[in-house]
Trainee: 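Please see the structure below; I have some questions.
Below, read A as the first sequence line, B as the second, and so on, with proteins coming before strands; counting in each chain starts at 1.
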Amino acid sequence: MIREKLANKVQQALMEAKDAGELAFKELPEITLEQPKGKNFGDFTTNVAMVLARQVQKAPRDVAEIIINRLSHEGTLIERADVAGPGFINFYLKPDWLYEIMGTIATEGENYGRSDIGHGLKVQVEFVSANPNGPIHVAHGRGGATGDVVASLLSAIGYDVTRESYINDALNSTQMQNFGKSVHARYMQVLGYDFPMPEDGYQGDYIIDIAKDLVDEYGDKFLSVPEAERILKFTQLAQDKMLDLQKTDLAKFGVKFDVWYSERSLHESGKVQKAIDVLKERGYAYEKAGAIWLKSTEFGDDKDRTLVRSNGQPTYIAADAAYHLEKFNRGFQKVVDIWGPDHHGYIARTKAAVAALGCDPENLEVIIYQAVRLFSGGELVMMSKRAGDVILLSELIDEVGKDAARFFFLMRSSDSNLDFDLELAKSQSNDNPVYYVQYAHARICSILRKAQETGLAMPTANDVDLSPLKCSAEMDLMKKLADFPELVAEAGQLCEPHRLTRYVQDLASVFHSFYTECRVVSEDEPLTAARLALVNSTKTVLVNAFRLLGIEAPEKM
RNA sequence: GCCCCCGUAGCUCAGUGGAUAGAGCGCGGGCCUCCGAAGCCCGAAGCGUAGGUUCAAUUCUUACCGGGGGCACCA
């Protein structure tokens, strides 16, 4: 808002200068207003004079001077504008611009920070998509937190978002067969038979748990069924159990999906075959050595990929192609896939498949998040009792809690490896960023309780005079609150949720400084009222940010 | 060999085509007759190397060096 106003002012000044023959430019440059890094460079700054300098053949500082002389401050929030450094124009604003924003926060409440950048565009965020042959583990946790918050951010900026998880439940896949055989072997063992685990069988204890469940539920009634049929049956039963467990674990993590999409359903409905047919028709599928191949090299992939094996079984790529075609057919105009680091190699082939099917690969955005390592007391944690070689998400949540788990997963850019310090996440101290930010909220609630006990009215920024707010701690806090909508927009458009955790920590920090500096409930009634309004606004923004992050806003800790 | 990510303070990480590169931990020093010290304030300390593009590069680009991960008619 304020940026547009300033940009308009600058544009007006530029046009006037042009008409007066002071600046000879043909095209109006884009005028961007930024918040300067240094504290002594005003509230907003623009580099337009430097951008324009070459075109008008004048020194940048002279151009800036001309613009400033044409700026009228009358009836605006501009206090003054200066030329600085190599040719920046720095704007110093009257405090009223912040008071206006306080009013906006009070009026918009839980909607403060939302926008309509997405214009209701239908977007799907696909994440987690774990094979239903094991529990959700910590790497899925990073993907889960990332996907969930990316979805929340996109929704906040006006997209029509669907959260979706793809179930790799094709019964004929090597992994699923292996899984079924493992469960079957454990089942036989629970029944007392000396039955060997298959080679490369699933070793985790959860396989035994499933086998015990199956014995409890069905006893030995499957023994009469032929072994091959029995294994197939077990694969399905065990898959269903795994899926339920995955849903339970993810729900505990605060992650819920609108759609669980079954790979098996793609095969059974003939959509995989259909996609292959489409690829053939479009000339991007061919036969070689008894198999059918996707001509993905046409679209920048390193090599062509097998769609259908020589034994007639379609590969997962065929199913993935069908799935992505289905996404676009379902009306999604933008698709975001969130994958683990082991999948980076699939970006090229998936985009190639999408392009070969006649969809625009630009509408598919793939986010790869990097590896997660758990540390405890400086030691790398590798093994889990319950799952074998991975740590389960549920174990992590039991250990550090949902909020800490989510927050820690979101603290780093997806592009960075993530070292998760269990001790830190558990510690109830100021070292722990989750406690730090939640404490800010609890502290606010404490102040508001105190004010209520004192019998004070609870003012909002709309019904109180904010002009007593003028010290630097108060100004810094208001500025941070003012940043929120833009931060949400940026984090959403870039699909970078870590910007939000960063912001929340910054906001908590300026609030804590304000708290130390400025006593809220005091003898000075106008000041108390204004500060209470500011505290209220801070609470609103914290709560809105926490909601996006999916963490609690505790009133007491 | 090819592909992806990272290389910023002692450590873990943010950040930006521009003016003085930030935070937490750790380290040193201060602050509670007062709304929660789970807090605040002050201090020391940094853009892997070499080219290129640019008025301006830590940011874009190329090469190299270092770390992590991936390269199936498995999913």
Side-chain angles (χ1 to χ4, degrees), chain A residues 34 36-41 45 47 50-51 53-54 59-60 84-88 90 129-131 133 166 168-170 173-178 200 263 288-293 301-303 305-317 319-320 340-348 368-371 373 375 378 411-419 421 424 427-436 438-440 442-451 453-454 473 498-499 501-502 505-506 508-509 511-522 528 531-532 535 556-557:
Chain A
E34 292 180 353
K37 295 288 162 219
K39 285 210 164 190
N40 305 322
F41 300 127
T45 187
N47 65 350
M50 288 182 282
V51 175
R54 189 209 285 260
F88 292 104
N90 293 341
S129 300
N131 293 346
N133 57 9
Y166 182 57
N168 291 114
D169 56 358
S173 80
T174 314
Q175 282 148 357
M176 275 309 159
Q177 287 176 3
N178 196 6
D200 307 323
E263 179 185 358
K288 191 180 86 183
I292 298 173
W293 298 73
D301 198 5
D302 330 348
K303 49 183 162 187
R305 309 287 169 177
T306 313
L307 286 168
V308 182
R309 291 165 212 150
S310 42
N311 68 7
Q313 293 286 345
T315 65
Y316 76 95
I317 299 168
D320 270 2
D342 51 337
H343 280 66
H344 96 262
Y346 307 120
I347 297 175
I368 299 287
Y369 59 88
Q370 298 298 318
R373 296 191 302 177
F375 285 86
M411 282 201 310
R412 306 288 180 235
S413 152
S414 296
D415 287 339
S416 280
N417 287 339
L418 177 70
D419 287 348
D421 184 336
L424 181 61
S427 76
Q428 307 210 351
S429 77
N430 51 339
D431 303 352
N432 185 341
V434 189
Y435 278 83
Y436 183 81
Q438 290 184 323
Y439 178 55
R443 223 176 191 184
I444 286 171
C445 293
S446 174
I447 296 169
L448 298 179
R449 277 195 299 273
K450 169 84 178 178
E453 283 163 20
T454 321
H498 73 280
R499 289 174 185 269
T501 52
R502 209 24 81 165
Q505 291 178 84
D506 288 348
S509 174
F511 172 74
H512 286 311
S513 297
F514 158 80
Y515 176 88
T516 306
E517 186 90 3
C518 307
R519 193 178 165 79
V520 177
V521 180
S522 70
T528 299
R531 284 182 173 167
L532 277 175
V535 168
K556 287 181 179 172
M557 293 171 72

Trainee: Rounded to whole angstrom, note down the C1' distance from B:C73 over to B:G15.
Mentor: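 That atom pair is separated by 46 Å.
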Trainee: Counting only Watson-Crick pairs (N1-N3 plus N6-O4 or O6-N4) and G-U wobbles (N1-O2, O6-N3), all under 3.5 Å, who is the partner of B:C13?
Mentor: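 Partner of B:C13: B:G22.
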Trainee: Under 4.0 Å from OP1 or OP2 of B:A23: is there any side-chain N or O of A:Ser509 that close?
Mentor: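 No.
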Trainee: Looking for any heavy atom pair under 4.0 Å, which part of the strands does A:Ala291 touch: base, sugar-phosphate only, or nothing?
Mentor: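 Touches a base.
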Trainee: Applying a 4.0 Å non-hydrogen cut-off, can you work out what A:Arg305 is touching in the nucleic acid: base, sugar-phosphate, or nothing?
Mentor: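 No contact.
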Trainee: Side chain of A:Asp419 only, please: which of B:G68, B:A14, B:U12 is the nearest?
Mentor: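 Of all the options, the side chain of A:Asp419 is nearest to B:U12.
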Trainee: Could you state the interatomic distance from OG1 (A:Thr528) to CZ (A:Arg519), rounded to the nearest 0.5 Å?
Mentor: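 If I round to the nearest 0.5 Å, the distance is 9.0 Å.
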Trainee: Report the nucleotide, chosen from B:C5, B:C13, B:C55, that has the shortest atom-to-atom distance to any side-chain atom of A:Arg412.
Mentor: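 Among the listed nucleotides, the one closest to the side chain of A:Arg412 is B:C13.
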Trainee: Can the positive tip of A:Arg443 be found less than 6.0 Å from the middle of the six-membered ring of A:Tyr515, inside 45° of the ring normal?
Mentor: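 So A:Arg443 does make the cation-pi contact.
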Trainee: Between B:C35, B:U12, B:G68, which nucleotide gets closest to the side-chain atoms of A:Asn417?
Mentor: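 Looking only at heavy atoms from C-beta outward on A:Asn417, the closest nucleotide is B:G68.
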Trainee: Counting N and O atoms only, with roles assigned by atom type, does the side chain of A:Thr454 sit under 3.5 Å from a partner on the main chain of A:Lys450, one being a donor and the other an acceptor?
Mentor: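 Checked: pair present.
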Trainee: When rounded to the nearest 0.5 angstrom, what is the spacing between OG in A:Ser522 and CZ in A:Arg531?
Mentor: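 Separation between the atoms: 6.5 Å.
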Trainee: Rounding to the closest angstrom, what is the interatomic distance between B:C31 and B:A14 at atom C1'?
Mentor: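 These two C1' atoms come out 29 Å apart once rounded.
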Trainee: Roughly, in whole Å, what's the span from NE2 in A:His512 to C1' in B:A23?
Mentor: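 Nearest whole value for this atom pair: 14 Å.
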Trainee: Would you classify A:Ala442 as touching base, sugar-phosphate or nothing, given that sugar-phosphate means primed atoms plus P, OP1 and OP2, and contacts are heavy atoms under 4.0 Å?
Mentor: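 The residue A:Ala442 makes base contact.
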Trainee: Rounding to an integer number of angstrom, what distance separates B:U53 and B:C60 when you compare their C1' atoms?
Mentor: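 It works out to 8 Å between them.
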Trainee: Quick one: A:Asn311 CG to B:C73 P, roughly how many Å, whole number?
Mentor: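 From A:Asn311 CG to B:C73 P: 12 Å.
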Trainee: Under a 3.5 Å distance rule, please check whether A:Asn90 uses its side chain to pair with a backbone N or O of A:Thr45 as donor and acceptor.
Mentor: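 Pair absent, no side-chain N/O of A:Asn90 close to backbone of A:Thr45.
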Trainee: Base, sugar-phosphate or nothing for A:Glu263? Non-hydrogen atoms, less than 4.0 Å.
Mentor: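 It contacts sugar-phosphate atoms only.
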Trainee: Would you mind telling me which of B:C3, B:C73, B:C35 lies closest to the side-chain atoms of A:His344?
Mentor: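 Nearest to the side chain of A:His344 among the choices is B:C3.
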Trainee: If you look at every strand shown and take non-hydrogen atoms under 4.0 Å, does A:His498 touch a base, only sugar-phosphate, or nothing?
Mentor: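 Sugar-phosphate contact only - A:His498 comes under 4.0 Å of backbone atoms but never of a base.
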Trainee: Ignoring the backbone of A:Asn40, work out which of B:U20, B:C6, B:U12 is nearest its side chain.
Mentor: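 Out of B:U20, B:C6, B:U12, the nucleotide with an atom closest to A:Asn40's side chain is B:U20.
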Trainee: Show your working on side chain to side chain contact (heavy atoms under 4.5 Å, CB included) between A:Phe511 and A:Ile444 and close with a plain yes or no.
Mentor: CA-CA 9 Å; A:Phe511 172 74; A:Ile444 286 171; 3.3 Å; yes
Trainee: Please report the distance, rounded to the nearest Å, between OH in A:Tyr369 and C1' in B:G69.
Mentor: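 Rounded to whole Å, this separation is 13 Å.
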Trainee: Would you indicate what A:Ser310 reaches in the nucleic acid, counting non-hydrogen atoms under 4.0 angstrom: base, sugar-phosphate, or nothing?
Mentor: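 The answer is base, as A:Ser310 lies within the cut-off (heavy atoms under 4.0 Å) of a base atom.
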Trainee: With a 3.5 Å cut-off and just heavy-atom distances, do the side chain of A:Asn90 and the base of B:A19 make a donor-acceptor pair?
Mentor: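 It does, because a donor-acceptor pair links the side chain of A:Asn90 to the base of B:A19 below 3.5 Å.
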Trainee: When you compare B:U8 with B:A21, how far apart are their C1' atoms, in angstrom units rounded to a whole number?
Mentor: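 8 Å, rounded to whole Å.
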Trainee: Have a look at A:Ser446 and say if it touches a base, only the backbone sugar-phosphate, or nothing, with a 4.0 Å heavy-atom cut-off.
Mentor: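 It contacts base atoms.
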Trainee: Rounding to an integer number of Å, can you tell me how far A:Leu424 CG sits from B:C11 C1'?
Mentor: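 Rounding to the nearest Å, CG of A:Leu424 and C1' of B:C11 are 13 Å apart.
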Trainee: Roughly how many Å apart are B:C32 and B:A44, using the P atom of each and rounding to a whole number?
Mentor: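 Comparing P positions in B:A44 and B:C32 gives a spacing of 24 Å.
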Trainee: For A:Ser173 and A:Met411, take the nucleotide of RNA chain B holding the closest heavy atom to each; which residue's nucleotide lies nearer the 5' end?
Mentor: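 In this pair, the answer is A:Met411.
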Trainee: Out of B:U20, B:G69, B:G68, which nucleotide sits closest to the side chain of A:Phe41?
Mentor: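 Of all the options, the side chain of A:Phe41 is nearest to B:U20.
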Trainee: Return the nucleotide paired to B:U33: Watson-Crick means purine N1 to pyrimidine N3 with N6-O4 or O6-N4, wobble means G-U with N1-O2 and O6-N3, both under 3.5 Å.
Mentor: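 Pairing partner: none.
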Trainee: Counting heavy atoms from C-beta on, name the nucleotide in B:A19, B:C34, B:A14 closest to the side chain of A:Arg519.
Mentor: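 Nucleotide nearest to A:Arg519's side chain: B:C34.
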Trainee: Looking only at atom P, what distance separates B:G10 and B:G48, rounded to whole Å?
Mentor: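 One P to the other, the span is 13 Å.
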Trainee: In Å, rounded to the nearest 0.5 Å, how long is the span from CG of A:Asp506 to OG1 of A:Thr501?
Mentor: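 Rounded to the nearest 0.5 Å, the CG-OG1 separation comes out at 9.5 Å.
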Trainee: If you measure from CD on A:Gln175 to CG on A:Asp200, what distance do you get to the nearest 0.5 Å?
Mentor: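 CG of A:Asp200 is found 11.0 Å from CD of A:Gln175.
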Trainee: Taking the side chain of A:Lys303 as heavy atoms from C-beta outward, which of B:A37, B:A72, B:C35 is closest to it?
Mentor: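 Closest of the options to the side chain of A:Lys303: B:A72.
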Trainee: Would you check if the side chain of A:Thr315 reaches a backbone N or O of A:Leu307 as a donor-acceptor pair within less than 3.5 Å?
Mentor: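 Answer holds: yes.
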Trainee: Using the glycosidic torsion, which applies to B:C32: syn (within 90° of 0) or anti (everything else)?
Mentor: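 Nucleotide B:C32 adopts syn.
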Trainee: Report which part of the nucleic acid A:Pro36 touches: base, sugar-phosphate, or nothing (heavy-atom distance under 4.0 Å, all strands).
Mentor: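 Contact class for A:Pro36: base.
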Trainee: Check every strand shown and say whether A:Thr45 touches a base, only sugar-phosphate, or nothing at a heavy-atom separation below 4.0 Å.
Mentor: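 Base contact - A:Thr45 has a heavy atom under 4.0 Å of at least one base atom.
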Trainee: By the 4.0 Å heavy-atom rule, please label A:Asp200 as base, sugar-phosphate, or nothing.
Mentor: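 Touches nothing.
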Trainee: Short question: side chain of A:Ser173, backbone of A:Met176 - any donor-acceptor pair under 3.5 Å?
Mentor: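 Here the side-chain-to-backbone pair exists.
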Trainee: Could you check whether the side chain of A:Gln175 and the base of B:C74 have a donor-acceptor pair of N or O atoms closer than 3.5 Å, going by distance alone?
Mentor: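 Looking at the base of B:C74, it does pair with a donor or acceptor on the side chain of A:Gln175 (distance under 3.5 Å).
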Trainee: Under 4.0 Å, counting only non-hydrogen atoms across every strand here, what does A:Asn168 touch: a base, just sugar-phosphate, or nothing?
Mentor: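 Sugar-phosphate contact only - A:Asn168 comes under 4.0 Å of backbone atoms but never of a base.
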Trainee: Using a 4.0 Å heavy-atom cut-off, does A:Met176 contact any base of the nucleic acid, only the sugar-phosphate backbone, or nothing at all?
Mentor: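 The answer is nothing, as A:Met176 stays clear of every strand by at least 4.0 Å.
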Trainee: Tell me which nucleotide, if any, is Watson-Crick or G-U wobble paired with B:G43 when both distances must be under 3.5 Å.
Mentor: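 Pairing partner: B:C27.
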Trainee: Say we look at B:U12 and B:C3: how far apart would their C1' atoms be, to the nearest angstrom?
Mentor: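 Those two atoms are separated by 28 Å.
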Trainee: What integer distance in Å separates A:Ile447:CD1 from B:C35:C1'?
Mentor: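 Roughly 6 Å, once rounded to whole Å.
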Trainee: Both distances under 3.5 Å, Watson-Crick or G-U wobble: report the partner of B:G1, or none.
Mentor: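 Here B:G1 is engaged in a pair, and the nucleotide opposite it is B:C71.
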Trainee: Identify which nucleotide among B:G69, B:C13, B:C40 has an atom closest to any side-chain atom of A:Arg502, counting heavy atoms from C-beta outward.
Mentor: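 The answer is B:C13, which lies nearest to the side chain.
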Trainee: Indicate, with a heavy-atom threshold strictly under 4.0 Å, whether A:Cys518 touches base, sugar-phosphate, or nothing.
Mentor: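 Base contact - A:Cys518 has a heavy atom under 4.0 Å of at least one base atom.
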Trainee: Does A:Val521 or A:Ile317 map to a spot on RNA chain B nearer the 5' end, using the closest nucleotide for each?
Mentor: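 The 5'-side residue here is A:Val521.
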Trainee: Rounding to the closest angstrom, what is the interatomic distance between B:G51 and B:C13 at atom C1'?
Mentor: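 Nearest-Å result for B:G51 against B:C13 at atom C1': 29 Å.
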Trainee: Within the pair A:Tyr436 and B:A23, is there a side-chain N or O less than 4.0 Å away from OP1 or OP2?
Mentor: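 Answer is no, no contact under 4.0 Å.
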Trainee: Out of B:C73, B:C6, B:C35, which has the shortest distance to the side chain of A:Asp415?
Mentor: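 Minimum distance to the A:Asp415 side chain belongs to B:C6.
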Trainee: Quick one: is B:A14 close enough that its OP1 or OP2 comes under 4.0 Å of any side-chain N or O from A:Ser416?
Mentor: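 Indeed, a polar side-chain atom of A:Ser416 lies that close.
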Trainee: Does B:A63 have a Watson-Crick or wobble mate here (both distances under 3.5 Å), and if so which one?
Mentor: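 B:U49 is the nucleotide pairing with B:A63.
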Trainee: Looking for any heavy atom pair under 4.0 Å, which part of the strands does A:Ala451 touch: base, sugar-phosphate only, or nothing?
Mentor: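 The residue A:Ala451 makes no contact with any strand.
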Trainee: OP1 or OP2 of B:A37 sitting under 4.0 Å from any side-chain N/O of A:Arg443?
Mentor: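 Yes, within the criterion.
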